[in-house]
Protein chains: 2
Amino acid sequence: MAATLRLLRERGIAQLTTREVARCAGVSEASVFYHYRDRAGLLAAAFAAGLAPLQALGEEGLAGDDRRAVLRRFGAALERFLDEVLPVLAAAQADPRLRRELADFLREHRAGPHRGVDALSRYLAAEQAAGRARADLDARVIALSFIGACTTRAMQRHMAAPAGRLPSLERLVDGTDALLRPAPSAQRGS
Amino acid sequence: MAATLRLLRERGIAQLTTREVARCAGVSEASVFYHYRDRAGLLAAAFAAGLAPLQALGEEGLAGDDRRAVLRRFGAALERFLDEVLPVLAAAQADPRLRRELADFLREHRAGPHRGVDALSRYLAAEQAAGRARADLDARVIALSFIGACTTRAMQRHMAAPAGRLPSLERLVDGTDALLRPAPSAQRGS
DNA sequence: GTCTATAGGTTGATAGAC
DNA sequence: GTCTATCAACCTATAGAC
């Protein structure tokens, strides 16, 4: 399975043949079929293993006094996570059957982008409730925007496009923190 | 070529065989090889055609009096564009050779997420210069965040995940417009 | 330029010994 | 459970007629 995920991430799904997996794992091809029944079973297991981090990415780290530190930690964890998972998600788009299996998996585990949005927007709403963030902003929209920015950065990296032309994570964190800060007038008026 | 792109988007790259393309286009398989030399040539041509919208998506529509209308138009165009292009980008991840070709294509045409970020942030900077948007915000960060949000929405749609759980485009536009508005104090102070 | 026919190679999967 | 040997199907690509 380790060999399968490695091949899937490094070479893509096209070269992920049962032969290559067996060779890379140092076993015979028949062993692969004995354990996973057929290629579809192997891929299903690989997807379940490759997407396991989906559930692990909870709201851990989404707490702390320094909001910029919280955003930085969350953004960095999200991007690390996407670097691992994006290749697997992309591979599932190669075949309609795999696509359906992925959709079922996401539905069954209630996974998807909205999970991160929910978690982050809860944190932002708490910041608003505590008076540390502008209360007139839409927390879910900010959460989606921040997560979307991290996702776009990870995608650009994954496509090996010319890097360094998108704002850095540090700049993204600073900019997001800035727009959350209550307006000076509101602070004076309290 | 139309048949190729249709198969690529609907069934994924795994089932994109020269046989199926020929059958779907109503020609013989040999014709495919006559025109595109080999399967790699066919795929290269399909990528060039499928990614053509990358250049078309300029800053058109990024002007107008009503900022919310501008954002709505830009966001809708971007999501339509992504619905077409994401399947092609995903397919390129199936094979290392295709991946390199895609990276070269993006480099050569200076395409990539940063293009949209540049265009949108120019518009936002103009809004700031005109005093219609908070001048203390990082325009490039806002642009990346808005584009990232649209991208994440398109990705969720593309993965056939349970829809409707992310903020709508309308809500995203309203929320982004809101955080851009100058603070009341700044308006009074002028 | 388009076709039919076919070669050559790769892949998924099975049989059967150990 | 793991191996070797093998098969049947499929896919890319070419040859040659029209």
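Every chain is numbered from 1, with letters handed out A, B, ... down the list of sequences. Computed from a predicted structure; not experimentally measured.
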*Asks:* Does anything in residues 35-48 of chain B reach DNA chain D, meaning a heavy atom under 4.0 Å, and if so which residues?
*Replies:*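 Residues of residues 35-48 of chain B under 4.0 Å from DNA chain D: D38(B), R39(B).
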*Asks:* Counting only heavy atoms not in R171(A), do more than 12 fall under 6.0 Å of its CZ?
*Replies:*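 Counting other residues, nucleotides and ligands, CZ of R171(A) exceeds 12 neighbours.
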*Asks:* Show me the side-chain donor-acceptor pairs of residues 95-103 of chain B shorter than 3.5 Å, one per line, residues at least two apart or across chains.
*Replies:*
| from | atom 1 | to | atom 2 | distance (Å) |
| --- | --- | --- | --- | --- |
| D95(B) | OD1 | Q15(A) | NE2 | 3.4 |
| D95(B) | OD2 | R97(B) | N | 3.0 |
| D95(B) | OD2 | L98(B) | N | 3.4 |
| R99(B) | NH2 | H158(A) | O | 3.0 |

*Asks:* Could you pull out all donor-acceptor pairs under 3.5 Å where a side-chain atom in residues 25-33 of chain A meets a protein atom, sequence neighbours excluded?
*Replies:*
| from | atom 1 | to | atom 2 | distance (Å) |
| --- | --- | --- | --- | --- |
| S28(A) | OG | A30(A) | N | 3.4 |
| S28(A) | OG | S31(A) | N | 3.4 |
| E29(A) | OE2 | T18(A) | OG1 | 2.9 |

*Asks:* With a strict under 4.0 Å distance from non-hydrogen atoms of chain A, what nucleotide opens and what nucleotide closes the contacted stretch of DNA chain D, reading 5' to 3'?
*Replies:*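 Endpoints of the contacted stretch of DNA chain D: dG1(D) to dT4(D).
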*Asks:* Step by step, work out the side chain to side chain contact (heavy atoms under 4.5 Å, CB included) result for E20(A) and T17(A).
*Replies:* CA-CA 5 Å; E20(A) 199 63 22; T17(A) 67; 3.3 Å; yes
*Asks:* Atom OG1 of T4(A) and atom CG of L8(A): how far apart are they, to the nearest 0.5 Å?
*Replies:*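 T4(A) atom OG1 to L8(A) atom CG measures 8.5 Å (nearest 0.5 Å).
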*Asks:* How far does CG of L106(B) sit from CE of M159(A), to the nearest 0.5 angstrom?
*Replies:*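 Reported value, rounded in 0.5 Å steps: 5.5 Å.
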*Asks:* In Å and rounded to the nearest 0.5 Å, what is the OG to CZ distance from S168(A) to R140(B)?
*Replies:*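 Spacing of OG (S168(A)) from CZ (R140(B)) equals 10.5 Å.
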*Asks:* Taking CG in D66(A) as the centre, count heavy atoms belonging to other residues, nucleotides or ligands within less than 6.0 Å. Is the count above 12?
*Replies:*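 Atom CG in D66(A) is packed in, count exceeds 12.
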*Asks:* Taking DNA chain D as the partner, which of residues 5-23 of chain B come within under 4.0 angstrom of it by heavy atom?
*Replies:*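 Contacting residues: T17(B), T18(B), R19(B).
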*Asks:* Keeping to residues at least two apart or across chains, list the ring-ring contact (aromatic ring centres under 6.0 Å, His included) pairs with something in residues 82-134 of chain B.
*Replies:*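 Every ring-ring contact (aromatic ring centres under 6.0 Å, His included) pair that includes a residue of residues 82-134 of chain B, provided the two are not neighbours, is F105(B)-H109(B).
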*Asks:* Kindly indicate whether the side chain of L172(A), heavy atoms from C-beta on, has any atom under 4.5 Å from the side chain of S145(B).
*Replies:*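 Side-chain contact under 4.5 Å: yes.
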